[in-house]
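Input: a single structure, listed below in structure tokens.
Keep in mind that what you see is a predicted model, and the values were worked out from it rather than measured. These numbers come from the heavy atoms of this one structure, side chains and all, not from hydrogens, waters or symmetry mates.
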Amino acid sequence: MARAGLTTERLVRAAAELADEVGFDQVTVSALARRFGVKAASLYAHLENSRDLRTRIALLALEELADRAADALAGRAGKDALTALANVYRDYAREHPGRYTAARLPLDPETAAASAGVRQARMTQALLRGYDLPEPDRTHAVRLLGSVFHGYVSLEAAGGFSHSAPDSQESWTRILDALDSLLRTWPAPGADRPGA
């Protein structure tokens, strides 16, 4: 007997909420079935398996992040855009910790290429054009920003900054100031290397 109202979209949204509540690693088809009070077998008309479900949550999270980033970056450039983008990631991680973790799920190349992750990368590249960085330095800078944003957000979420002063927000602001300064004065290849 088919359950009225069970659609793939509804299941994925419910699974994303579950991820925020209990952690992305705890989301399975069985856990989702329990949430709906149905047998896991009844969900396989909509989902292949737990890996498929987790991939769909990741794609939803990437889409939500890209939409937020597009809204935040509209009409902004330079440090204002950098701060807006950084805050999108930090705020999303705070509001949706399970989805934020899902957005880091490794995807196969074809799925990744069709995901909103590509849109996010393009927005970050566009932001960096405002700093006048040539390639391949722009790609290096995209990787730097992703590493700093994700690293800080992950450590903060784990309570890594809650035991000492100054306040985490103060550090976040100073880090964004430092990133802006670095991007405006990006070093030339080989600069300051011994023997260069």
With no hydrogens and no angle check, do the side chains of [X] and [Y] hold a donor and an acceptor under 3.5 Å apart?
| X | Y | result |
| --- | --- | --- |
| Thr111 | Asp108 | yes |
| Gln120 | Thr124 | no |
| Trp172 | Asn87 | yes |

In sequence, state the C-alpha distance, the side-chain angles, and the governing distance for Glu21 and Arg35, and then conclude on salt bridge (charged side-chain N to carboxylate O under 4.0 Å, His left out).
-> CA-CA 12 Å; Glu21 293 166 16; Arg35 188 174 190 101; 2.9 Å; yes
With rounding to the nearest 0.5 angstrom, report the [atom1] to [atom2] distance, [X] to [Y].
| X | Y | atom1 | atom2 | answer |
| --- | --- | --- | --- | --- |
| Thr173 | Glu170 | OG1 | CD | 8.0 Å |
| Leu155 | Ser168 | CG | OG | 10.0 Å |
| Leu183 | Leu145 | CG | CG | 5.5 Å |
| Thr83 | Arg76 | OG1 | CZ | 9.0 Å |
| Arg104 | Leu62 | CZ | CG | 7.5 Å |

Can you hop from [X] to [Y] via hydrophobic side chains spaced under 4.5 Å?
| X | Y | result |
| --- | --- | --- |
| Leu105 | Leu32 | yes |
| Leu107 | Val118 | no |
| Leu59 | Leu18 | yes |
| Ile57 | Tyr89 | no |

Electrostatic pair Glu64-Arg13, nearest N-O below 4.0 angstrom =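 Result for this pair is yes, salt bridge flagged.
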Salt-bridge criterion met for Asp177 and Arg174 (N-O under 4.0 Å) =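 The answer is yes: the pair qualifies as a salt bridge.
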Not counting sequence neighbours, which residues clear salt bridge (charged side-chain N to carboxylate O under 4.0 Å, His left out) with Asp180? List them please.
->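 Listed in chain order: Arg184.
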Partner residues of Arg90 under the salt bridge (charged side-chain N to carboxylate O under 4.0 Å, His left out) criterion, sequence neighbours left out |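 Arg90 satisfies salt bridge (charged side-chain N to carboxylate O under 4.0 Å, His left out) with Glu156 only.
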Test: Arg54 cationic atom under 6.0 Å from Phe24 six-membered ring centre, within 45° of axis |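 Relative to the ring axis of Phe24, which defines the angle, Arg54 lies inside both limits.
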Any donor-acceptor pair under 3.5 Å from [X] side chain to [Y] backbone:
| X | Y | value |
| --- | --- | --- |
| Ser154 | Gly151 | no |
| Ser50 | Val29 | yes |
| Ser42 | Val38 | no |
| His46 | Leu11 | no |
| Ser115 | Ala112 | yes |
| Glu135 | Thr139 | yes |

Minimal non-hydrogen separation, [X] against [Y], with atom names:
| X | Y | value |
| --- | --- | --- |
| Leu133 | Ala141 | CD1-CB, 3.7 Å |
| Ala66 | Arg119 | CB-NH2, 3.3 Å |
| Ala93 | Val153 | CB-CG1, 3.1 Å |
| Arg68 | Asp91 | NH1-C, 4.3 Å |

Not counting sequence neighbours, which residues clear ring pair (Phe, Tyr, Trp, His ring centres under 6.0 Å) with Tyr100? List them please.
->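 Checked Tyr100 against ring pair (Phe, Tyr, Trp, His ring centres under 6.0 Å); matches are His150.
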Find out whether [X] and [Y] are in side-chain contact, i.e. whether some heavy atom of one side chain is under 4.5 Å from a heavy atom of the other.
| X | Y | value |
| --- | --- | --- |
| Leu176 | Phe149 | yes |
| Arg56 | Leu47 | yes |
| Arg10 | Phe36 | yes |

Would you indicate whether Glu9, at its atom CD, is surrounded by more than 12 heavy atoms from other residues, nucleotides or ligands within a distance under 6.0 Å?
->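 Incorrect, the count does not exceed 12.
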Heavy atoms from other residues, nucleotides or ligands near CG of Asp132 exceed 12 (cutoff 6.0 Å) |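 12 or below, so no.
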Under 6.0 Å between the ring centres of Tyr131 and Trp186?
->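 Tyr131 vs Trp186: aromatic centres not under 6.0 Å.
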Sub-6.0 Å ring centroid separation between Phe161 and Tyr152 |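 Here the rings of Tyr152 and Phe161 have centres that are less than 6.0 Å from each other.
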Using the side chain to side chain contact (heavy atoms under 4.5 Å, CB included) rule, take Val88 and Asp71 through it: C-alpha gap first, then chi angles, then the decisive distance, then the call.
-> CA-CA 10 Å; Val88 162; Asp71 288 344; over 6 Å; no
